[in-house]
**Student:** 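Quick one: the structure is below, and I'll ask about it shortly.
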Amino acid sequence: MTRIYLIRHAAAEGNLYRVAHGQYNSTITSRGYRQLAWLRKRFEGVKLDAVYGSDLLRAQTTAAALYIPRNMEFRPMPLLREVCMGVWEQLSWGEVARRDPEMYHNFNN
């Protein structure tokens, strides 16, 4: 039986600053690095055959908690990137809500 684990990237700058990062190549925060330690611990003893992820830095850094301890290769895949936020990219969520309240509501609902 094949088992697939879906793991979201650890806390990144966009989470900290409440910014619509989408495909912006942000880094992991100090909180994110604490989450990576928990992720590494959670997967101790779990057999993995491969580790795939987005080619963005925050996803690669998160995946490192799994593939490095196992001396595995990481397989970056651009098709696994977050959605592009278009004109919202790099705007604060408050600014997005002010500029386009209807689309912001639709996005969240």
Side-chain angles (χ1 to χ4, degrees):
M1 174 175 69
T2 300
R3 184 169 291 180
I4 299 173
Y5 298 96
L6 299 176
I7 300 166
R8 185 182 186 273
H9 63 76
E13 293 169 318
N15 307 116
L16 179 64
Y17 301 119
R18 304 289 303 135
V19 171
H21 266 187
Q23 293 187 0
Y24 176 76
N25 207 13
S26 64
T27 60
I28 299 297
T29 64
S30 58
R31 178 178 183 219
Y33 281 103
R34 290 190 303 274
Q35 292 171 337
L36 295 181
W38 299 328
L39 177 65
R40 192 176 303 108
K41 180 100 173 125
R42 162 61 180 87
F43 276 83
E44 278 181 6
V46 175
K47 182 181 179 332
L48 299 177
D49 295 317
V51 178
Y52 295 88
S54 163
D55 61 340
L56 295 176
L57 183 59
R58 62 187 178 263
Q60 290 183 36
T61 304
T62 300
L66 301 176
Y67 75 84
I68 289 178
R70 292 169 171 79
N71 295 313
M72 295 176 72
E73 179 182 323
F74 175 67
R75 299 174 185 186
M77 298 184 67
L79 290 173
L80 293 176
R81 282 186 183 178
E82 280 192 51
V83 297
C84 178
M85 300 302 288
V87 296
W88 292 0
E89 197 94 13
Q90 287 299 96
L91 294 178
S92 72
W93 285 109
E95 182 64 21
V96 170
R98 281 188 292 283
R99 287 185 185 191
D100 200 347
E102 183 179 356
M103 288 298 291
Y104 177 76
H105 173 80
N106 292 343
F107 178 80
N108 285 298
N109 294 290

**Student:** Going hydrophobic residue to hydrophobic residue with side-chain gaps under 4.5 angstrom, can you get from Ile7 over to Val46?
**Tutor:**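 Cluster IDs for Ile7 and Val46 match.
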
**Student:** With side chains defined as the heavy atoms from C-beta onward, is the minimum distance between Asp49 and Lys47 less than 4.5 Å?
**Tutor:**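 In short, these two side chains touch, coming nearer than 4.5 Å.
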
**Student:** Would you say Val96 and Val87 are hydrophobically clustered, going by side-chain heavy atoms of ILVMFWY under 4.5 Å?
**Tutor:**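 Yes, Val96 connects to Val87 through the hydrophobic network.
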
**Student:** Without swapping roles, check the side chain of Asn25 against the backbone of Leu57 for a donor-acceptor pair under 3.5 Å.
**Tutor:**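 At least one qualifying donor-acceptor pair exists.
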
**Student:** Do the ring planes of Tyr5 and Phe43 sit parallel (below 30°), tilted (30 to 60°) or perpendicular (above 60°)?
**Tutor:**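 Rings of Tyr5 and Phe43: perpendicular, as their planes differ by over 60°.
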
**Student:** Go through the structure and list residues passing side chain to side chain contact (heavy atoms under 4.5 Å, CB included) with Ile4, not counting sequence neighbours.
**Tutor:**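 For Ile4, the residues satisfying side chain to side chain contact (heavy atoms under 4.5 Å, CB included) (neighbours in sequence not counted) are Thr2, Leu6.
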
**Student:** Under 3.5 Å, is there a donor-acceptor pair between the side chain of Glu13 and the main chain of Ile28?
**Tutor:**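 Not a single qualifying donor-acceptor pair exists.
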
**Student:** What distance separates Leu91 CG from Arg18 CZ, expressed to the nearest 0.5 Å?
**Tutor:**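 Answer rounded to 0.5 Å: 13.5 Å.
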
**Student:** Working to the nearest 0.5 Å, report the span between CG of Leu36 and NE2 of His9.
**Tutor:**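 One finds 11.0 Å between CG of Leu36 and NE2 of His9.
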
**Student:** What's the spacing between Leu39 CG and Thr62 OG1 if we round to 0.5 Å?
**Tutor:**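 Separation between the atoms: 7.5 Å.
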
**Student:** Using side chain to side chain contact (heavy atoms under 4.5 Å, CB included) as the criterion, list what pairs up with Arg31, not counting sequence neighbours.
**Tutor:**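 Residues passing side chain to side chain contact (heavy atoms under 4.5 Å, CB included) with Arg31: Ala11, Thr29, Arg34, Gln35.
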
**Student:** Do the side chain of Asn108 and the main chain of His105 share a donor and acceptor less than 3.5 angstrom apart?
**Tutor:**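 Not at all, since once roles are kept as given, no pair shorter than 3.5 Å links the two residues.
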
**Student:** Which heavy atom of Gly22 sits nearest to which heavy atom of Glu89, and what is that distance?
**Tutor:**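 Closest heavy-atom pair between Gly22 and Glu89: C-OE2, 3.4 Å.
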
**Student:** May I ask you to decide if Val19's main-chain N or O and Ser92's side chain share a donor-acceptor pair within less than 3.5 Å?
**Tutor:**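 Answer holds: no.
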
**Student:** For Asn106, which residues count as a side chain to side chain contact (heavy atoms under 4.5 Å, CB included) partner, sequence neighbours excluded?
**Tutor:**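 Once residues adjacent in sequence are excluded, the partners of Asn106 under the side chain to side chain contact (heavy atoms under 4.5 Å, CB included) criterion are Glu102, Met103.
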
**Student:** Answer yes when Glu95 and Arg99 have at least one side-chain N-carboxylate O distance shorter than 4.0 Å, and no when they do not.
**Tutor:**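 Yes, this pair counts.
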
**Student:** Within a radius of less than 6.0 Å around CZ of Arg75, do more than 12 heavy atoms belonging to other residues, nucleotides or ligands occur?
**Tutor:**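 Buried by this count: over 12 neighbours within 6.0 Å.
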
**Student:** Do Leu48 and Tyr67 touch side chain to side chain, with heavy atoms closer than 4.5 Å?
**Tutor:**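 Not touching, per the 4.5 Å side-chain cut-off.
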
**Student:** List the residues meeting ring-ring contact (aromatic ring centres under 6.0 Å, His included) with Tyr104, not counting sequence neighbours, and say none if there are none.
**Tutor:**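 Residues passing ring-ring contact (aromatic ring centres under 6.0 Å, His included) with Tyr104: none at all.
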
**Student:** Sequence neighbours left out, what passes ring-ring contact (aromatic ring centres under 6.0 Å, His included) with Trp93? Give chain and number order.
**Tutor:**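 By the ring-ring contact (aromatic ring centres under 6.0 Å, His included) rule, Trp93 matches Phe107.
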
**Student:** Considering only Ile, Leu, Val, Met, Phe, Trp and Tyr, and joining two whenever side-chain heavy atoms are under 4.5 Å apart, list the other residues clustered with Met77.
**Tutor:**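 Traced through the cluster, Met77 reaches Tyr52, Leu80.
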
**Student:** Under 3.5 Å, side chain of Arg70 to main-chain N/O of Leu66, donor-acceptor pair present?
**Tutor:**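 Checked: pair present.
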
**Student:** Could you go step by step and tell me if Tyr33 and Thr61 meet the side chain to side chain contact (heavy atoms under 4.5 Å, CB included) rule?
**Tutor:** CA-CA 9 Å; Tyr33 281 103; Thr61 304; 3.7 Å; yes

**Student:** Of all heavy-atom pairs between Phe74 and Ser54, which one has the smallest distance, and what is that distance?
**Tutor:**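 Scanning both residues, the minimum pair turns out to be CZ-O, 3.6 Å.
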
**Student:** About how many Å separate OG of Ser26 and OH of Tyr17, when rounded to the nearest 0.5 Å?
**Tutor:**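 The distance works out to 10.5 Å.
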
**Student:** Could you point out which residue of Arg8, Arg58, His21 forms a side-chain hydrogen bond (donor to acceptor under 3.5 Å, both in side chains) with Glu82?
**Tutor:**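 It is Arg58; the other options fail the test.
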
